[in-house]
Amino acid sequence: QDIPQGQRALTFPTSFLIKAIGITKYNIRAVLLSVLEQHQTEYTVDSITELSSKNGKYASVTVSITARSRKQLDDIYEGLDARPEIVMTI
């Protein structure tokens, strides 16, 4: 039976992309990496990408992590959502 993509279970550990978007005046990279470190998340510096919006108001940072569990992912997203510098996570 085919399971819709949004409902497929992840197998851990797994590679997973975390993206945080925030206002450029804040160091979004530092905020994201701080939350990842709080949750003992494995990532490599080479996997970090940063982009600015066309008008320069927003910045996005994407990191490829090694997720160990669904709880770890939930905790990371909750940690990011609690930060006022972050306006959106993907």
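Remember, it's a predicted structure, so these values are computed and weren't measured experimentally.
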Would you list the atom pairs, donor with acceptor, under 3.5 Å between side chains in residues 72-80 and any protein atom, with sequence neighbours excluded?
from, atom 1, to, atom 2, distance (Å)
Gln72, OE1, Arg68, N, 2.7
Gln72, NE2, His39, O, 3.2
Gln72, NE2, Thr41, OG1, 3.4
Asp74, OD1, Arg70, NE, 3.3
Asp75, OD1, Lys71, NZ, 3.4
Asp75, OD2, Lys71, NZ, 2.8
Tyr77, OH, Ile90, O, 2.9

Contacts table for residues 14-24: side-chain donor-acceptor under 3.5 angstrom, sequence neighbours left out:
from, atom 1, to, atom 2, distance (Å)
Ser15, OG, Ser64, OG, 3.3
Thr24, OG1, Gly56, O, 2.8
Thr24, OG1, Lys57, O, 3.0
Thr24, OG1, Tyr58, N, 3.3
Thr24, OG1, Tyr58, O, 3.3

Please tabulate, one pair per line, all N/O donor-acceptor pairs under 3.5 Å involving side-chain atoms of residues 26-36, not counting sequence neighbours.
from, atom 1, to, atom 2, distance (Å)
Asn27, OD1, Arg29, N, 3.4
Asn27, OD1, Ala30, N, 3.0
Arg29, NH1, Glu50, OE2, 2.8

Side-chain donor/acceptor of Gln40 to backbone N/O of Gln38, under 3.5 Å:
yes
Residues passing the side chain to side chain donor-acceptor pair (under 3.5 Å) test with Ser53, sequence neighbours excluded, are Asn55
Contacts of Glu85 meeting salt bridge (Lys or Arg N to Asp or Glu O under 4.0 Å) (sequence neighbours excluded), chain-then-number -> Arg83
Residues passing the side chain to side chain donor-acceptor pair (under 3.5 Å) test with Asp46, sequence neighbours excluded, are none
| request: Output, in order, the C-alpha distance, side-chain angles, deciding distance and verdict of side chain to side chain contact (heavy atoms under 4.5 Å, CB included) for Ile48 and Tyr43. | output: CA-CA 9 Å; Ile48 301 170; Tyr43 66 90; 4.1 Å; yes
Q) Where do Thr49 and Val61 land on the side chain to side chain contact (heavy atoms under 4.5 Å, CB included) test, with the steps shown first? A) CA-CA 6 Å; Thr49 58; Val61 180; over 6 Å; no
